[in-house]
Amino acid sequence: MKKLVIYGSKKLKGELTVQGSKNASLPILIATILTKGENILKRCPNLNDTINTCKILTILGCKTKRQENSLIVDTTNLYGNEISKHLMSTMRSSIIFLGALLARCKEAIVYLPGGCDIGTRPINFHISALKQMGIQVKKTGEKLHCKVKGEKIKGANIFLSFPSVGTTENIILAAVTAEGTTNIFNAAIEPEIEDLCNYLKKCGAKIKVTKNNKNSISIEGVEKLNPCTYKIMPDRIVAATIFSAVAATKGEVLLKSIKPIHLNHTLKILNEMGCLIKTYDDDNIFLKIKKPLKAVKEIKTMPHPGFPTDLQPIIMALSCFAKGTTIFIETIFENRFRHVPELEKFGAIIKVKNRICVTKGIANLHSANVCATDLRGGAALIVAAMGAHGISKICNLPYIDRGYEKIEEQFFKLGANIFRK
Ligand code: EPZ
């Protein structure tokens with residue numbers, strides 16, 4: 001198995017264009033099933049998860065073709081409605097196929113999804129919502145056999161007890177061509193969900209997102225959707241990973257094609273830690289270390305617009321270099337501190353109790369041989385290795401490749417000594 005070899009403490013400097021978002025591209029790729037024809041998805045990242053999504057689309061009868069940064073998906077001849085246990089287990093997003101297949105085929109057979117081991121990650125919200133939309137669900141072991149009762153999926157008023165990202169996406173896909181209107185109360189409103197809605201609206205869907213203290217999404221069912229050409233949003237988590245690695249090396253970077261509004265909370269934290277941040281022309285962000293890194297007191301993960309759980313491991317790695325103590329409170333996933341023992345191998349000082357983790361920053365971390373335990377935990381190890389003195393090695397790269405496109409090439413462009421071997 002190949003490893004990432006990183007020669008740490010090299011100041012990163014330069015400019016980069018940010019890849020398309022993984023967590024937006026997956027539901028959008030799946031949503032193409034709702035159209036009959038050729039969709040062109042621009043800025044669609046080439047990742048393990050998008051490759052596996054294309055494998056599923058192909059098995060269902062669709063044609064997929066990569067042309068540089070774009071993925072072309074022709075859904076004209078979709079004939080299948082069953083996804084194998086193996087393919088379902090390759091990622092969490094596979095469960096989103098359920099809403100789309102039910103809308104197109106009225107029946108679907110799937111299995112429990114896979115995904116990073118960051119918590120129990122049940123699918124009870126998905127199932128309960130689909131049942132409220134008139135879908136019959138039969139669960140036998142890990143197999144789910146779902147059928148639309150009657151002619152069409154029925155619009156419904158659905159209240160989510162927690163604003164689950166995947167559940168909101170599944171409901172949207174089931175609702176866009178359903179009979180009547182669906183209202184999702186306490187909906188997730190992550191930028192990736194808005195991107196999915198924008199793609200669907202371009203195809204002819206009628207969706208309204210209302211953001212207030214009770215976020216809601218209203219979807220009025222339409223007869224049919226038409227395929228379209230759509231440019232996927234830039235990846236805010238990848239952008240924040242690059243910023244953190246650059247900050248750990250006391251460097252500077254200009255990131256292009258990234259929306260500052262998607263990174264509000266994160267830019268505020270990086271600024272508080274001592275980074276100078278300037279935004280240009282709506283979609284360029286410059287970051288430079290202004291003064292020695294200092295700790296922010298408390299970081300609590302919350303659904304959007306709060307601080308994203310996906311960045312908790314990455315900012316934690318950066319906090320290990322910052323003077324002072326940072327308290328991390330993980331409210332979304334109960335098992336998302338698996339990177340901590342690996343960060344400790346770099347000499348980081350961290351204490352964990354239940355969902356709280358406290359880091360005490362030190363000026364210098366040393367090199368280490370570590371293993372990624374999940375996608376963002378793996379990215380956190382890259383941040384630590386970039387800032388640490390000496391040569392570090394990171395194994396379990398398939399985790400990192402789920403979300404980062406040619407990561408070593410990106411950092412190489414910023415002057416990093418990083419190799420995959
Ligand atoms: C999405 O996962 C993202 N994945 C995750 O990104 C991200 O961490 C997460 O949202 C939260 O922002 C994709 O978009 C592909 P949830 P998802 O449903 O949809 C509980 C990354 O690193 N829950 O919002 O699976 C669940 O256990 C990944 O890119 C139920 O209890 O997240 C969790 O505690 C990792 N029952 C909470 O809700 C359900 O039926 C939030 O999960 C569904 C969820």
Side-chain angles (χ1 to χ4, degrees), residues 19-31 45 47-50 52-53 88 90-99 112-132 137 139 144 158-173 184 186-196 215 232-233 235-241 262 265-266 300-315 330-339 355 372-380 398-405:
Q19 70 178 63
S21 159
K22 166 180 88 79
N23 289 347
S25 61
L26 299 177
I28 293 175
L29 271 167
I30 296 167
L47 306 164
N48 284 357
D49 279 10
T50 47
N52 282 325
T53 305
M88 284 297 294
T90 55
M91 61 189 156
R92 173 76 179 177
S93 274
S94 55
I95 195 66
I96 316 296
F97 272 98
L98 201 47
L112 294 182
C116 283
D117 182 11
I118 49 180
T120 45
R121 309 186 86 181
I123 56 161
N124 52 330
F125 300 161
H126 298 249
I127 301 303
S128 155
L130 292 174
K131 282 183 177 167
Q132 290 173 64
V137 181
K139 186 169 177 289
L144 294 164
I158 300 168
F159 179 84
L160 296 181
S161 56
F162 183 86
S164 152
V165 171
T167 309
T168 303
E169 291 166 350
N170 234 337
I171 301 171
I172 293 171
L173 296 191
I184 315 172
N186 196 28
I189 50 144
E190 266 65 6
E192 293 76 14
I193 290 187
E194 284 209 69
D195 211 41
L196 169 67
N215 300 318
I232 288 167
M233 65 174 269
D235 197 307
R236 60 189 172 120
I237 309 298
V238 169
T241 306
H262 292 164
H265 221 102
T266 312
K300 187 175 180 178
T301 64
M302 292 293 278
H304 193 75
F307 181 78
T309 171
D310 292 350
L311 282 181
Q312 174 264 106
I314 293 155
I315 298 294
E330 175 55 61
T331 73
I332 313 287
F333 290 108
E334 70 277 15
N335 193 20
R336 211 167 194 180
F337 287 144
R338 294 175 68 219
H339 46 281
R355 287 181 174 227
T373 52
D374 58 76
L375 163 57
R376 308 302 171 188
Y399 280 127
I400 299 174
D401 295 335
R402 298 181 74 142
Y404 295 83
E405 210 173 19

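Position 1 is the first residue of the sequence, and the numbers go up from there. When a ligand or atom number is given, it counts from 1 through the structure's own listing order.
Judged by distance alone, with hydrogens and angles left aside, the side-chain atoms of Gln312 form a donor-acceptor pair with the main-chain N or O of Arg336 at under 3.5 Å.
Contacts of His262 classified as side-chain hydrogen bond (donor to acceptor under 3.5 Å, both in side chains), with partners at least two apart in sequence or in another chain: none.
Protein residues are said to neighbour a ligand when one of their heavy atoms lies under 4.0 Å from it; for ligand 1 these are Lys22, Asn23, Arg92, Ser93, Ile118, Arg121, Pro122, Ile123, Asn124, Phe125, His126, Phe162, Ser164, Val165, Gly166, Thr167, Thr309, Asp310, Ile332, Phe333, Arg336, Leu375, Arg376.
Taken from CD1 in Ile237 to NZ in Lys22, the straight-line distance is 9.5 Å, to the nearest 0.5 Å. For the atom pair CG of Asn170 and CD1 of Ile127, the computed distance is 8.0 Å after rounding to the nearest 0.5 Å.
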Using atom types as modelled, flag every donor-acceptor pair under 3.5 Å from a side chain in residues 372-380 to any protein atom, sequence neighbours excluded.
| unit_1 | atom_1 | unit_2 | atom_2 | d |
| --- | --- | --- | --- | --- |
| Asp374 | OD1 | Arg376 | N | 3.3 |
| Asp374 | OD1 | Gly377 | N | 2.8 |
| Arg376 | NH1 | Tyr404 | OH | 3.1 |

Please tabulate, one pair per line, all N/O donor-acceptor pairs under 3.5 Å involving side-chain atoms of residues 116-125, not counting sequence neighbours.
| unit_1 | atom_1 | unit_2 | atom_2 | d |
| --- | --- | --- | --- | --- |
| Thr120 | OG1 | Glu334 | OE2 | 3.0 |
| Arg121 | NH1 | Cys116 | O | 3.1 |

